[in-house]
Structures are given as C-alpha cells and as structure tokens.
Amino acid sequence: MMKRARYCWSLPVATLLGVSVTAQTDWIELDDRLGSAMATDMMRGEAVAFGGRARSGAVLGDTWICSGTAAWRPSLSGGPAPRSDHVMAAAANGVYLHGGRSALGGLLGDTWFWDGSTWLVVPGPGPSPRHGAAMAGDPSTGSVVLYGGSNGLSLSDTWLLQNGVWQQLQLATTPGMRSGHVLARTETADRFLLFGGEDHAGVLLQDTWRFDVGQPVQQSTWSLYFLAPAFRPAARVEAVAAFDAASQAVTLHGGFDGAGAPIGDVWRWDASLSAWQQCPGAATGRGDHAMAGLPQSPAGDLVVLGGDDAGAQPPPSVLLSNCAQLPAAPVPADREAPAMAFDAARGVTVMFGGWIAGSGPTDELWELRGNSWSQILPGPTWPGPRFAAHMCYDPVRQRVVMVGGYLGSGCPTLKDTWEWDGTAWSQKPDIPIPLGTAYAQMVFCEHTGECVLPLPDSNCGGRGTWRYDGQGWHSAPMPLADRIGFGVAYDRRRERLVLFGGSDLNSTYGDTWEWDGATWVQRMPPLAPSPRRFVKMAYDRLRGRVVMFGGEDGSGVRSDVWEWDGATWHPRSTMRTPPTVSRYDLSYDPGDGTTILFGHGNGSAVWRYGPRLLGTAERQGLGCNGGAGVLRLVAEPLPHVGGEIGFRIENATTSAAEFVAVGSPVQLPVGPLGPGCDQLVTPNIVFYFQALTLTVNLPNLPAFVGTTIHAQGITLDISVTSAPVSTSDRLALTIGGV
C-alpha cells in the first residue's frame with residue numbers, strides 16, 4: 001500500500017473551508033430540451049449547442065458538440081449562465097451567443113464567444129436583454145447580425161457585431177417588431193434571410209426579408225420579398241433555419257402554427273428564383289428546437305436538436321440531408337438491469353442484455369460513443385439472453401469480462417464467463433465459475449490486476465470475494481452479512497474497493513465497506529446515505545470520488561446523488577434529476593469526465609453526471625534529467641474545489657528529496673545547481689514529499705472555480721554533487737467545480 005503525504009491549502013481563505021458548494025455538479029441529458037440554440041463552428045467543422053429548458057422546468061447551462069456523424073459529446077468547460085430562448089451564430093473562428101431567459105426568468109443581455117474549447121465573455125455594450133431574437137453570422141466576412149426579439153414588447157432593432165464590437169444600425173426600413181423568427185446567412189457574402197415569427201400583437205407572420213451589410217455599415221438595408229402564396233411557407237413561430245453547405249442554400253424547418261401545433265415541413269430558399277421551394281416528404285414536426293450545419297459530413301447535413309413535437313417522449317436529434325430527414329439513429333429500448341462497462345482502449349461504453357418489458361431478457365449488445373449508440377449484431381459465438389449480469393473492463397488484457405445473470409426469478413441460472421474484445425465474444429468454458437448472485441457489481445482493481453466480484457450471498461451458494469485474472473476465478477473470504485443489490489466501485493486514488501448497502505430477506509443495509517486486496521474493513525463515516533438496495537456506483541477518476549445514484553430504500557425509489565471521498569459521504573445538490581429509475585447501471589467515461597446512467601424507467605435517454613466546469617492540467621515548459629529520465633509532474637485527480645490534487649514526480653532518483661512549488665509562472669535557469677534545468681514558478685508555497693504521492697486539499701469555495709494555479713516539481717539529491725537540483729515541467733491547473 002502506497003503512503004501519501006497530505007497537506008491543506010495554506011492560503012488565508014483556508015479558514016472558510018466550511019463553506020458548502022452546491023450545484024457545482026449536475027445531470028445532463030441531450031434531447032430532453034426546449035428553447036436551446038445551436039450554431040456551426042466552421043473552423044472545426046462542428047455544431048455547438050448550448051442550454052435550453054428541460055421538460056421538468058430546469059434551465060440548462062450545458063454545452064454539447066456534434067461531429068459530422070451526429071455523434072454528440074458534452075463539453076464541461078463552464079461558461080454562460082444557464083438560459084433558454086437565446087441565440088447563437090457562426091463566426092469566422094468560433095461561435096457567438098447572446099441573451100435569453102435566465103434560470104430565474106429574467107432577461108439576459110450578455111454576449112459570449114466559443115473558441116472551440118472555452119466560452120469567453122465579450123466585453124462592451126451590446127443589444128439590450130431579450131429573448132426570442134434571431135441571430136446569424138457569415139464566417140467568410142466575420143459579420144454577425146441580430147434582429148428583434150422581445151423584452152415584454154416586441155423589438156425591431158438591428159445590431160451588427162464585427163471584430164467583437166456591437167453596433168446598432170439606425171435604418172429607415174426594417175421588418176418591424178417581431179420575435180420567434182429565423183435568420184440565416186445566404187450563399188452571398190454579408191447577405192442574410194429573415195422569415196416569419198410573431199408581431200407585438202401575437203399575430204403569426206409569413207413574410208421574407210433580405211438584409212445586406214453595407215459599406216459603411218450604416219448603409220445596410222432591409223428589403224422585402226413579394227412572394228406568391230405557393231412560394232412561401234405558412235406563417236409560423238419558433239421555427240429554425242440554417243445555411244445548408246451542400247446546396248449552398250437556406251433550409252427552414254418546423255415551428256408552431258396559429259393553433260400551437262408543431263409543423264413538420266422543410267423548405268429551401270432558391271436564390272435563382274428568389275423564392276421558397278417546399279421539399280418533398282416531411283420531417284418530424286417540432287418547434288422551439290435548434291438546428292445547425294455539419295460541414296464535415298459527406299452531404300453537408302443539418303442536425304436538429306430537441307424541441308416540442310406534442311409527443312409523450314422528447315423527440316430525438318435527427319439529420320436533414322439534402323432537404324430530407326434521415327431516419328433517427330437506433331437507440332436501445334428501455335430495459336431493466338443491463339450490464340455496462342467502459343472500454344478504455346476503444347473509448348466506448350459497452351452494454352449487454354437487460355430485461356425489456358413485454359419481451360423479457362435480451363441478448364442485445366450496444367456500444368455508446370459520445371452520445372451516439374450503435375448496435376452490434378450477434379455473431380456465431382454469442383452469450384445468451386440475460387439480465388442483472390456482471391461486467392468489468394480489464395485494461396491489462398483489453399477485454400470486457402461478463403459473468404452470470406438471470407433468466408428469471410430465484411437464484412441466478414447463468415454462471416458462464418465471457419470476454420468481448422471489441423470484435424467477437426469468446427466463452428471461457430474450462431475455468432471455475434462463481435455460483436453467483438444478482439444485482440451486484442464487478443469492478444477492476446488496478447493494484448491487484450483483477451476483476452473483482454464481491455458475493456456476500458450464501459443463499460445461492462456463491463459466497464466469497466471472487467477475483468478473475470483472465471485464467472480463472474479465485475475466491476477469498478467474505479465477512480459481510482448476506483445481501484444482494486449493493487453498489488461497488490474501485491477507488492483508484494486510494495486503491496480500495498468500496499461497497500455500500502444492499503438487502504437480504506429481512507433487512508436493508510446502509511453500511512460502507514472497503515477492501516484493500518486482502519481484507520474487508522467496515523468504515524464508520526459521520527454522514528451516509530439512507531440504507532438502500534439496487535444501488536449502483538462508479539468512480540470519477542478526474543475528481544477522485546466514488547459517485548452513487550439512487551437505489552431503493554424504505555421511502556421507495558430514490559434519485560439522489562452521494563459521493564464518497566474516502567472519509568465520508570457527501571450529498572450532492574443538482575439542478576436536474578433523471579426520471580425515477582430502478583435496476584439501472586452506471587459507467588464512468590473518462591473521455592469527458594462524466595458518469596453515464598442508462599436503465600429502467602428512463603426510456604432510451606442517456607444521462608451524464610459531472611462537474612459544470614472540469615478541472616484541467618496543461619503542460620508548459622520542459623523538465624530536465626532527474627537521474628532516471630526527464631522529470632514530469634503529474635496531477636491526479638485533477639483540481640476541483642473541496643477536493644484534492646494528487647501530485648507525483650516521475651523519473652526522480654530514489655534517493656532524492658521531492659518538492660512541489662506553487663506560484664506564478666516564470667522561467668529562470670537554475671544554473672550550476674542543475675545544468676539545463678529551469679525554475680518555472682515563483683515558489684510562493686512549497687510542499688515537501690514524505691512519500692511517493694503528495695495530496696493537497698483545496699478549499700471548498702465556489703469563488704475558486706475557474707482559477708488557474710501553477711505548479712512545478714523539484715528534486716534535491718545531495719549525492720549528485722555535479723547537479724543536485726532537477727526540475728520538472730510546469731502544470732497550469734484550472735480548478736473545476738465539485
């Protein structure tokens with residue numbers, strides 16, 4: 001077992017460590033939203049979506065990125081406050097966002113810029129606070145135009161953003177007061193197309209206007225197209241429009257008619273005729289949605305996100321390709337007790353089986369990359385249908401391991417072991433197999449190099465701490481009381497397997513246990529979740545915490561979140577909560593630092609739990625030779641308020657004393673003490689290593705979120721008289737939210 005040196009953050013604000021942090025973490029889900037906004041990041045060939053309103057009423061502040069294959073991924077970069085009914089537009093090298101409604105219902109007038117990884121506030125005056133405006137940008141010229149909206153009264157002002165500076169244009173002719181309209185760039189530079197919306201009296205509009213940016217800009221003009229009824233869409237509000245790169249035309253979709261019903265038609269602007277042409281067929285009727293182009297897709301597709309289609313379930317995101325809606329990507333049906341694990345080598349979450357209402361156990365295999373599912377069809381060698389199986393990813397052998405499961409009630413009838421290598425299943429028929437139990441969890445313990453399956457259940461004959469090394473199953477003692485439905489996760493930082501809860505025929509447990517590879521020890525934390533069963537847990541590698549969600553206690557099915565930091569359990573406050581779910585599964589995705597939830601009672605939705613702002617570490621400068629190679633400073637977990645940073649120095653000599661200096665960035669040669677070595681931070685605070693890993697506790701202060709600190713590792717080896725001092729590279733550490 002590795003010993004660690006532990007320090008508290010020694011700043012004056014450390015006296016305020018008792019301040020709580022709420023809603024720094026949250027649940028996010030992609031399709032379940034109204035009033036979001038989206039724009040194309042032309043420089044990176046991606047669509048960027050932000051915010052909106054969940055059907056629960058929660059106002060969202062999450063950022064999603066869509067690639068050319070409609071594979072969504074969340075970005076945990078922080079940025080604008082949660083909002084809905086805002087606007088976004090493409091720029092020459094990113095995306096702009098403006099205004100909308102806040103989480104408290106007030107109007108916002110701020111402007112933000114997305115540079116591909118981070119949201120940056122745009123300083124200076126701009127359009128007044130509003131919602132329901134329309135905004136579009138021309139990346140070829142850098143012009144961004146905003147028109148109208150509402151602040152309680154419909155507006156008719158025109159704003160132009162160039163070089164990060166807003167300017168209101170005083171024009172003699174405008175499209176008049178309106179909100180809920182659309183605006184899109186056209187194939188002609190600095191020319192934009194506006195359609196529809198509603199006026200100040202709530203009357204829906206079906207007029208089409210052209211806006212040309214003038215030189216100088218105060219000579220810009222609005223011009224009305226006089227169109228015959230056959231060449232203009234019906235009046236509507238809250239439609240979407242975007243420039244279609246494949247056709248070099250504006251595509252318009254959806255909206256609500258005068259009765260509030262969603263519209264499903266698709267129209268394209270024909271510049272040669274100066275008229276709208278309706279596309280054959282129809283798309284899913286929806287309004288209050290978002291749409292943007294995907295320039296990297298082969299057909300220059302448009303992606304449509306969220307909205308209201310008047311259905312019981314939120315509509316999935318779809319693609320419009322060449323003016324027609326492509327079939328929605330397949331997604332797994334709602335199911336109880338699937339088995340899930342994250343395949344780190346291939347960057348996908350693997351899910352097998354589960355119980356589907358009306359059809360029973362299934363043998364479906366699905367893989368989730370980002371937010372896009374793909375089903376793997378059965379091959380010649382394939383596990384049979386099952387639910388409540390156990391799954392673990394072995395990173396050493398790069399295999400997903402699955403064992404056991406149920407076909408019906410009673411003790412598990414399946415006691416087989418399978419491995420998935422990303423291409424094919426192989427059964428392991430000649431190895432001893434644990435007799436098993438149900439509703440447990442199997443996890444990989446890195447310090448033992450095994451998949452571990454705790455089975456404290458003598459009723460089904462499989463009692464023991466079962467370990468699988470790829471060759472066979474081996475059992476160790478199990479001192480816990482009989483139970484099923486407990487949660488298990490491997491705390492990678494502390495090298496402990498953590499177990500919580502479960503139930504037998506008479507009792508439901510709320511105890512916490514840890515296993516170090518040899519011995520089970522019961523922990524007695526000062527605060528703990530209520531006793532519960534059918535709970536699942538996952539380890540958040542970047543924040544160094546075990547995440548637990550839901551389960552069933554005496555009050556019913558729970559939807560609360562708790563986190564274990566190695567000393568106690570912390571209840572987490574979130575703005576959003578997934579629908580009440582039971583018999584689900586969790587998996588941690590290190591690619592975006594979120595815990596994934598999928599399972600029974602949640603439809604086909606994928607929910608992700610993580611910090612609103614992820615801690616980051618950027619390498620700067622170069623380390624010098626530390627005797628065993630070039631020194632590198634490593635930080636894991638990454639910094640988050642109320643959490644810890646785990647520092648270690650790689651490639652130091654075994655006899656060296658080790659230090660970490662924290663301060664402002666500099667670059668000064670160390671000189672004769674260490675030839676070729678540079679001092680890269682001012683040593684405002686210096687920590688001395690007493691062991692292989694240094695743990696620094698960060699204050700639990702919301703004001704620290706987004707702060708950047710700089711750290712460098714230093715070693716001193718007096719046995720090397722020619723160069724006793726060696727230095728590592730510098731880490732620029734941005735503190736995230738817990």
Side-chain angles (χ1 to χ4, degrees), residues 337-354 361-368 376 378-379 381-407 412-455 457 462 464-476 478 486-490 492 497-499 515 517 536-539 541 585-590 596 598:
M340 289 172 54
F342 185 80
D343 183 332
R346 297 186 301 122
V348 297
T349 298
V350 178
M351 183 181 75
F352 187 88
T362 179
D363 65 352
E364 290 179 352
L365 174 64
W366 292 81
E367 292 188 341
L368 178 69
I376 312 300
T381 302
W382 201 260
R386 66 195 65 208
F387 68 100
H390 317 299
M391 186 175 281
C392 162
Y393 177 70
D394 183 337
V396 177
R397 298 183 306 114
Q398 297 187 353
R399 297 288 191 274
V400 170
V401 179
M402 183 177 71
V403 61
Y406 267 69
L407 283 174
T413 54
L414 299 171
K415 304 174 180 67
D416 47 353
T417 302
W418 293 81
E419 292 186 355
W420 171 252
D421 64 4
T423 303
W425 284 103
S426 59
Q427 188 174 3
K428 301 297 182 180
D430 300 323
I431 60 175
I433 299 173
L435 295 178
T437 186
Y439 300 106
Q441 278 186 277
M442 180 167 63
V443 296
F444 187 80
C445 290
E446 292 186 18
H447 70 291
T448 67
E450 301 165 315
C451 287
V452 179
L453 175 61
L455 295 179
D457 181 14
T465 304
W466 289 88
R467 302 178 299 173
Y468 178 72
D469 59 7
Q471 302 299 317
W473 286 97
H474 312 280
S475 181
M478 169 53 68
F486 48 87
V488 176
Y490 177 69
R492 183 174 184 267
L497 187 150
V498 182
L499 182 149
W515 183 71
K536 293 290 185 178
M537 304 195 311
Y539 179 67
R541 176 172 173 173
D585 208 350
L586 294 180
S587 175
Y588 179 72
D589 184 345
I596 300 171
F598 182 88

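Both backbone and side-chain heavy atoms feed into the values below; hydrogens, waters and symmetry mates do not. Worth saying up front: this structure is predicted, and the values here are computed from it rather than measured.
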Walk me through whether C445 and C451 qualify under disulfide bond (SG atoms under 2.5 Å apart). CA-CA 6 Å; C445 290; C451 287; over 6 Å; no

Y490 side chain near V452 side chain, heavy-atom distance below 4.5 Å: no

Would you say that M478 contacts L455 through its side chain, given a criterion of any heavy-atom pair below 4.5 Å between the two side chains? no

Using every non-hydrogen atom in the two residues, find where S475 and G464 come nearest and quote the distance to one decimal. OG-CA, 3.7 Å

Which pair of non-hydrogen atoms, one from W418 and one from R386, has the smallest distance, and what is that distance? NE1-NH2, 3.8 Å

Side-chain heavy atoms of M340 within contact of F352, under 4.5 Å: no

Would you mind reporting whether Y406 and P361 have side-chain heavy atoms less than 4.5 Å apart? no

Kindly indicate whether the side chain of Y468, heavy atoms from C-beta on, has any atom under 4.5 Å from the side chain of M442. no

Would you say the rings of W366 and F598 are close, in the sense that their centroids are separated by under 6.0 Å? no

Taking M537's backbone N and O only, do any of them form a donor-acceptor pair with Q441's side chain (distance below 3.5 Å, no angle check)? yes

Check: Y539 and V443 side chains under 4.5 Å, non-hydrogen atoms: no

Side-chain contact, heavy-atom cut-off 4.5 Å: F444 with V401? no

With R541 via salt bridge (Lys or Arg N to Asp or Glu O under 4.0 Å) - residues at least two apart: E636

Working for side chain to side chain donor-acceptor pair (under 3.5 Å), residues W473 and T417: CA-CA 10 Å; W473 286 97; T417 302; 3.0 Å; yes

Side-chain heavy-atom pair W382, I376 within 4.5 angstrom cut-off: yes

